[in-house]
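Read the structure below first, then the notes.
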Amino acid sequence: MFVGSDTVNEFKSEDGAIHVIERRCKLDVDAPRLLKKIAGVDYVYFVQKNSLNSRERTLHIEAYNETFSNRVIINEHCCYTVHPENEDWTCFEQSASLDIKSFFGFESTVEKIAMKQYTSNIKKGKEIIEYYLRQLEEEGITFVPRWTPPSITPCSDTSLSSCKKQAASMAVIIPDAALKEGLSGDALSSPSAPEPVVGTPDDKLDADYIKRYLGDLTPLQESCLIRLRQWLQETHKGKIPKDEHILRFLRARDFNIDKAREIMCQSLTWRKQHQVDYILETWTPPQVLQDYYAGGWHHHDKDGRPLYVLRLGQMDTKGLVRALGEEALLRYVLSINEEGLRRCEENTKVFGRPISSWTCLVDLEGLNMRHLWRPGVKALLRIIEVVEANYPETLGRLLILRAPRVFPVLWTLVSPFIDDNTRRKFLIYAGNDYQGPGGLLDYIDKEIIPDFLSGECMCEVPEGGLVPKSLYRTAEELENEDLKLWTETIYQSASVFKGAPHEILIQIVDASSVITWDFDVCKGDIVFNIYHSKRSPQPAKKDSLGAHSITSPGGNNVQLIDKVWQLGRDYSMVESPLICKEGESVQGSHVTRWPGFYILQWKFHSMPACAASSLPRVDDVLASLQVSSHKCKVMYYTEVIGSEDFRGSMTSLESSHSGFSQLSAATTSSSQSHSSSMISR
């Protein structure tokens, strides 16, 4: 508790820009009476030095203890600065250190008291600032003009040109502050002063831009957006999402940056793996979907959100799954979501306000037990899971109409997989309740209510109907089709187990060809190796162990190197092993010296035992706890550049070992340099 203070030193610069004041402060510490009695003091004294630099717009506060300084050393530093991207914001940083040398045998007690006091002071800080702001308002002070240099003295003819330059530079620097003080625009105009461009998306912190494209954000929310975007720009090597999309992930996690960053980076990896960014341009839905999937876009709701109509009750989910498989259905839903994002951007421009989500109208007329077919429900649950993870906060409202008696059964199955925030956006109407008060007319204009809901607007959404059984395909055909769908991406996925690495074979006919690779470590830590052999290994065998059996196309595991082969005799290592941590993205290349067979291997990385002690290190234990099983996942792409296309430029083939991931923002590098390849940041 602050009791009082005496000024020890004070300094002011001639122009008034710098003000330094040093005080000796008297504090009453909330400590046990016994401790105060033993220490022999009722109050403690601190020295506080405040340094205000109005020119740089910074305030530094340093404090240290005078009482018991031979037993306890306390240092604290606070810093107020102007935000580098928005000069109307203040940045605050605070650090403190405590070193207890001795304190009458009460060292532990003093440490606990100090931590408790420090924590409560931080919480109290905001209240104190708000208290003094209210006092200023009561005194009629709502604006404090920024510091400006003293007025310029009249110039002689010889120095006229330099004075003009100085005046012009001041006019560029201080127009905003001066205008607030009531100066006319003429007094500040300068031919050389550039006109600011307001409201362009390039100025990400411009107030007009925020209002136009992002909506009402608190300063804290804006700060979270800037920090997360800046982190992406520094660590993410691919396409940076737009601010609107970053905001969706922040809102989905209540602006918790760490949680939002984790789910967003997982989503970015997923988008890269399945080439989702190009799905609208590169994938055409099968004709069966175009004919029998009873859903489509239909104008917009009263808030300007794009409106998607789904006649689920008229859709033959079993027939679609039997004719197309889960993967084609999932891909179609992804294309719908991508189209929704595009329509949100268009509506934002049309209506002149931020529109970041859409409304979905689901008509359940015709829903019956046929729709509860287990594989169909399973496909629906998987679709919900993927959409929830990768398109958060895109559903503005869900209107469920004409819900039949069987609906509660379906709702019981799917609701646990739907996020609580999303669930609150559901409005469910039974029978014809949607036509009454609080119904459809509250959310959709009468002119665009679809005709099948007794509206006046012709809706071009397909009517659905039963899929002919002649279009059904066998499980083998569907599995092959699923493989084809997801291997359209240039990336492949593989699982790596302890004792079962994943290996791929590359045959090189001409020496001096270049093998290039690009892979992400999605789970676990792995060791990447490259081997050469003059003879071809046996046909690839997939891991068939029960614990390692893989049925999904996203979980391939192949071993090529025979167990009887000996390193150095049957095959040789051509690159030093590269340890890759979970979440890292690695790109590189190798110039082949000899023709033959090259094997790229991803192997499970076991934590090495500590050489100096038989006890495991803390880092090793923590790392082992993070891996739930002896299983790793990688997503990779390889390509061979022929010797005739390679011009010997190693600059174009430098490996990049970046740190973008869903779990690690650290960028790692290897300084090793080989004669045939390079690993660099």
Side-chain angles (χ1 to χ4, degrees), residues 212-217 221 224-225 228-229 232 239-256 259-272 274-280 283 293 295-310 312 329-351 353-362 380-400 414-415 417-427 443-444 461:
R212 178 77 167 74
Y213 294 95
L214 305 179
D216 294 328
L217 299 176
Q221 292 170 344
C224 290
L225 170 62
L228 186 51
R229 189 187 66 204
L232 280 170
K239 180 181 177 183
I240 302 295
K242 295 181 179 179
D243 286 351
E244 302 93 297
H245 201 54
I246 298 175
L247 262 181
R248 291 185 178 104
F249 287 94
L250 283 167
R251 286 184 174 126
R253 291 299 179 266
D254 296 323
F255 286 87
N256 182 310
K259 292 181 179 179
R261 177 168 54 200
E262 181 178 347
I263 62 170
M264 186 169 67
C265 289
Q266 289 173 351
S267 178
L268 290 175
T269 302
W270 170 83
R271 293 180 74 88
K272 177 181 176 182
H274 298 303
Q275 301 286 289
V276 178
D277 287 331
Y278 311 104
I279 194 170
L280 293 177
W283 185 69
Y293 190 91
W297 294 99
H298 180 76
H299 301 283
H300 55 80
D301 68 4
K302 286 187 174 182
D303 295 322
R305 296 190 185 103
L307 177 63
Y308 189 83
V309 175
L310 180 65
L312 186 60
L329 267 179
L330 174 59
R331 179 163 284 205
Y332 189 54
V333 173
L334 296 184
S335 70
I336 292 171
N337 281 271
E338 290 297 306
E339 174 67 17
L341 294 177
R342 188 182 65 79
R343 286 174 178 261
C344 284
E345 288 185 21
E346 290 179 356
N347 285 20
T348 296
K349 296 174 183 176
V350 171
F351 292 100
R353 62 177 183 273
I355 294 171
S356 60
S357 59
W358 51 83
T359 294
C360 188
L361 188 156
V362 181
L380 177 61
L381 295 179
R382 185 183 171 208
I383 289 170
I384 291 173
E385 184 179 11
V386 172
V387 172
E388 281 282 308
N390 298 286
Y391 299 92
E393 297 298 312
T394 52
L395 182 66
R397 186 178 292 117
L398 181 66
L399 304 169
I400 299 176
V414 302
S415 61
F417 294 88
I418 301 173
D419 181 74
D420 288 339
N421 289 337
T422 305
R423 224 181 301 175
R424 285 194 284 268
K425 300 170 185 175
F426 285 31
L427 295 171
Y443 306 103
I444 300 174
V461 172

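- Minimum heavy-atom separation, Ile336 to Trp297: O-CZ2, 3.4 Å.
- Salt bridge absent: Glu338 and Arg331 never bring a charged side-chain N and a carboxylate O closer than 4.0 Å.
- Across all their heavy atoms, Pro241 and Leu232 have their closest contact at CD-CD1, 4.0 Å.
- In this structure, the side chain of Arg305 does not engage the main chain of Cys360 through any donor-acceptor pair within 3.5 Å.
- Note that the CD atom of Gln221 and the CG atom of Leu250 stand 9.0 Å from one another [nearest 0.5 Å].
- One finds a salt bridge joining Glu339 and Arg343 here, because a Lys/Arg side-chain nitrogen approaches an Asp/Glu carboxylate oxygen to under 4.0 Å.
- In this structure the side chain of Leu225 reaches within 4.5 angstrom of the side chain of Leu214, judged on heavy atoms.
- The two residues Glu244 and Tyr213 make their nearest non-hydrogen contact at CG-O, 3.8 Å.
- The pair Glu262-Arg253 fails the salt-bridge criterion, with no side-chain N (NZ, NE, NH1 or NH2) lying under 4.0 Å from an Asp/Glu carboxylate O.
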(request) Evaluate the side-chain contact (heavy atoms from CB on, under 4.5 Å) criterion for residues Leu398 and Lys425: first the C-alpha distance (whole Å), next the side-chain angles of each, then the deciding distance (0.1 Å), finally the verdict. (result) CA-CA 6 Å; Leu398 181 66; Lys425 300 170 185 175; 5.6 Å; no
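- Counting non-hydrogen atoms of neighbouring residues, nucleotides and ligands closer than 6.0 angstrom, the OH atom of Tyr278 reaches no more than 12 such neighbours.
- Distance CD1/Ile240 to CD1/Ile246: 7.5 Å, rounded to 0.5 Å.
- Residue Ile418 comes nearest to Arg423 through the heavy atom pair O-NH2, 3.1 Å, listed as atom of the first residue, atom of the second, then distance.
- In this structure, Thr348 contributes its side chain and Cys344 its backbone to a donor-acceptor pair below 3.5 Å.
- Proximity of Asp301 to Trp358: side-chain heavy atoms (C-beta onward) are nowhere separated by under 4.5 Å.
- Contact annotation: the side chain of Phe426 approaches that of Leu395 to within less than 4.5 Å [non-hydrogen atoms, C-beta and beyond].
- The shortest heavy-atom contact between Ser357 and Pro306 is O-CD, 3.6 Å.
- The line from CG of Asn337 to CD1 of Ile383 is 10.0 Å long, rounded to the nearest 0.5 Å.
- Using a distance-only test at 3.5 Å, with no hydrogens or angles considered, a donor-acceptor pair links the side chain of Asn347 to the main chain of Gly304.
- Annotation: the span from Arg382 atom CZ to Leu380 atom CG amounts to 12.5 Å, rounded to 0.5 Å.
- In this structure, the separation between OG1 on Thr269 and NE2 on His274 is 10.5 Å, given to the nearest 0.5 Å.
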(message) What verdict does the side-chain contact (heavy atoms from CB on, under 4.5 Å) test give for Leu307 and His298, after you've listed the backbone C-alpha separation in whole Å, the side-chain angles of each residue and the deciding distance to 0.1 Å?
(response) CA-CA 5 Å; Leu307 177 63; His298 180 76; 4.1 Å; yes
(request) Start with the C-alpha gap between Trp283 and Leu334, add the side-chain angles, then the distance that decides, and say whether side-chain contact (heavy atoms from CB on, under 4.5 Å) holds. (result) CA-CA 11 Å; Trp283 185 69; Leu334 296 184; over 6 Å; no
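- Counting heavy atoms from C-beta outward, Phe255 and Leu247 have side chains that approach closer than 4.5 Å.
- Two residues are said to be in side-chain contact when any heavy atoms from C-beta on lie closer than 4.5 Å; Gln275 and Ile279 fail this criterion.
- Enclosure of atom NZ in Lys259 is not indicated, since only 12 or fewer non-hydrogen atoms of other residues, nucleotides or ligands lie within 6.0 angstrom.
- The shortest side-chain heavy-atom distance between Val386 and Trp270 falls under the 4.5 Å cut-off.
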(request) For side-chain contact (heavy atoms from CB on, under 4.5 Å), just list the numbers for Tyr293 and Leu310, CA-CA rounded to whole Å, side-chain angles, deciding distance to a tenth of an Å, and then say yes or no. (result) CA-CA 9 Å; Tyr293 190 91; Leu310 180 65; 4.0 Å; yes
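- With contacts defined as side-chain heavy-atom distances shorter than 4.5 Å, the pair Leu361/Ile444 qualifies.
- Formation of a donor-acceptor pair under 3.5 Å by the Arg248 side chain with backbone atoms of Ser356 is found in this model.
- For the atom pair CD of Glu393 and NE2 of His245, the computed distance is 12.0 Å after rounding to the nearest 0.5 Å.
- Contact annotation: the side chain of Leu228 never approaches that of Phe249 to less than 4.5 Å [non-hydrogen atoms, C-beta and beyond].
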